[in-house]
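Here the structure comes first, spelled out in structure tokens, and everything after it is commentary.
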Number of protein chains: 2
Amino acid sequence: MTTSPAASAAATSQRTTLTRRRILAAALAYIDTHGLDALSMHKLGAELGVKAMSLYNHVANKDDLLDGVVELLWTEVERAAPAEGDWRHGVRAFAHALRDVVRHHPNAAPLLTRQQIMPAPALRVVRAHIAAATDGGEPEERAYALLRTITRYALGSSLAEVSWGLGEGCAPSVSDLLRPGISDELAAVAEIFCGHGAPDAEFKLGLDLMLRGLEPTQPAQGARPPRRRR
Amino acid sequence: MTTSPAASAAATSQRTTLTRRRILAAALAYIDTHGLDALSMHKLGAELGVKAMSLYNHVANKDDLLDGVVELLWTEVERAAPAEGDWRHGVRAFAHALRDVVRHHPNAAPLLTRQQIMPAPALRVVRAHIAAATDGGEPEERAYALLRTITRYALGSSLAEVSWGLGEGCAPSVSDLLRPGISDELAAVAEIFCGHGAPDAEFKLGLDLMLRGLEPTQPAQGARPPRRRR
DNA sequence: ACCTGAACACCGTTCAAGT
DNA sequence: ACCTGAACACCGTTCAAGT
């Protein structure tokens, strides 16, 4: 609106200054839209109204860029699942937040296990829930083991879910998940294995089972006699 | 040893004919050794004593090549975990086989969730264990749900485990998992979260919890009174 | 049927030069 | 301090040509 004549000449290109933050956000958006393999430094630069080489003033290289995207994904988890209230609810919310991020960014999600990095927001959100659990009376050792297990379960199972799921950024039909020459019997197996089922309910069921088993001190609201530990 | 003079001239290059099978095996070996990003059609061709373009006679493109690598990984799972004997043991063996493949091929494993494909050996091994469970008396619907859940748990949690684990093809030390500027407190969290713990025992515990919860008809060998279903 | 030379547009990255 | 032109080796893929 109130741009200077000089700025208006630049038109659609960078209307704000280039920043590591802006670059990462643009990279994630590009991956969401065009897929992981389609991302290149050249195209990302163009997206930001800048040449590819300019990006190297803010990221060390492409690997560092992808690490930054992973950091961004964990930031979403942190924002969605702060530790507050009963820590059991908090851990559940954390698991669901992790799954939601994977489902909202199916193209970028494989980076979470490919980049071999634990960015700061990941450590922060994990630390927060561990602290909540220890404040709630759990021994520290068990709080760590619990968060480790829940994190693996939530991230991993949602990655697998997205990879073989249908609709919503996943494969549109089962046949897209199969190699062309597959036999009819195996295609029928895939139809049920990938197509049927209720992902939400199955994720929640598995989560409940793990939490119930991992935290034997208090059997939740069921009020059932305690089982032998471990 | 008993090669013809003509063949000996070719020396180290292709001593056997080029095959889709050989190409895939070489690709997996290359990824295992040099990492996923290092693989290129040019270098893979050179590895096989052939020019890059020759590969296109046996694979459609690089994506098809990577699909084939995924197929190879599932073949290892199928070989390691045939359905035989009690189906409960079979499903446990299946989960452990999946985890072992991920741990033996940490560089290639992310392809399992990135390629969005269910190759024939994956469907075969899943079908075998579903059949074993239904033969053992489980309703078909539950057998599918059980295999779905166990597959997600085993694949996913081992992917996450490898991604943040230490040693054996993983990051050699915790500091390799952290961005340089991290605070000391968060580094300490990472030290415990990634470094401590017993991955084998934690994987097995989670698996037991899920199986025990998913299969309420027979409480395994514990001989405990049945709980209310679902 | 399968391998290759030549060629294409594209990729990640460097570096000296500009401002 | 940050952006760029020019350039590098490398990449995926095609196609006509060889055998």
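Proteins get letters first, then strands, A, B, ... in listed order; numbering begins at 1 in each. In this text, all values refer to a predicted model and were calculated from it rather than measured experimentally.
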Specify the separation, in whole Å, of atom [atom1] of [X] and atom [atom2] of [N].
X	N	atom1	atom2	answer
B:N57	C:dG5	CG	P	14 Å
B:L55	C:dC3	CG	C1'	11 Å
B:R20	C:dC2	CZ	C1'	16 Å

In Watson-Crick or G-U wobble terms, both distances under 3.5 Å, what is the partner of C:dC10?
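Matched C:dC10 with nothing under the 3.5 Å cut-off.
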Let's test this: given Watson-Crick or G-U wobble pairing with both distances under 3.5 Å, identify the partner of D:dC2.
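Check on D:dC2: paired to C:dG18, both distances under 3.5 Å.
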Is there a donor-acceptor contact under 3.5 Å from the side chain of B:R114 to the main chain of A:N107?
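No, the answer is negative, given that no donor and acceptor are paired below the 3.5 Å cut-off.
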Taking the side chain from B:K43 and the backbone from B:A38, do they hold a donor-acceptor pair closer than 3.5 Å?
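Between the backbone of B:A38 and the side chain of B:K43 there is a qualifying donor-acceptor contact (under 3.5 Å).
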May I ask you to check whether over 12 heavy atoms, not counting those of B:R179, lie within 6.0 Å of atom CZ?
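For B:R179, atom CZ is crowded (more than 12 foreign heavy atoms under 6.0 Å).
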If I compare all heavy atoms of B:F203 with all of B:A95, which pair ends up nearest, and what's the gap?
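Heavy atoms of B:F203 and B:A95 come nearest at CZ-O, 3.8 Å.
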Whether B:S54 contacts C:dC2 is assessed here as follows: a side-chain N or O lying under 4.0 Å from the phosphate OP1 or OP2. Is that the case?
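So the side-chain polar atoms of B:S54 never come under 4.0 Å of the phosphate oxygens OP1 or OP2 of C:dC2.
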To the nearest 0.5 Å, what is the distance between NZ (B:K51) and NE2 (B:H42)?
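With rounding to 0.5 Å, NZ (B:K51) is 10.5 Å from NE2 (B:H42).
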In terms of side-chain heavy atoms, does B:E76 have a donor or acceptor partner in B:H105 at a distance below 3.5 Å?
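Distance-only check passes for B:E76 and B:H105.
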Nucleotide by nucleotide, 5' to 3', does protein get under 4.0 Å of the base (B), only the sugar-phosphate (S), or neither (-) in nucleotides 6-13 of chain C, counting heavy atoms?
B----SBB
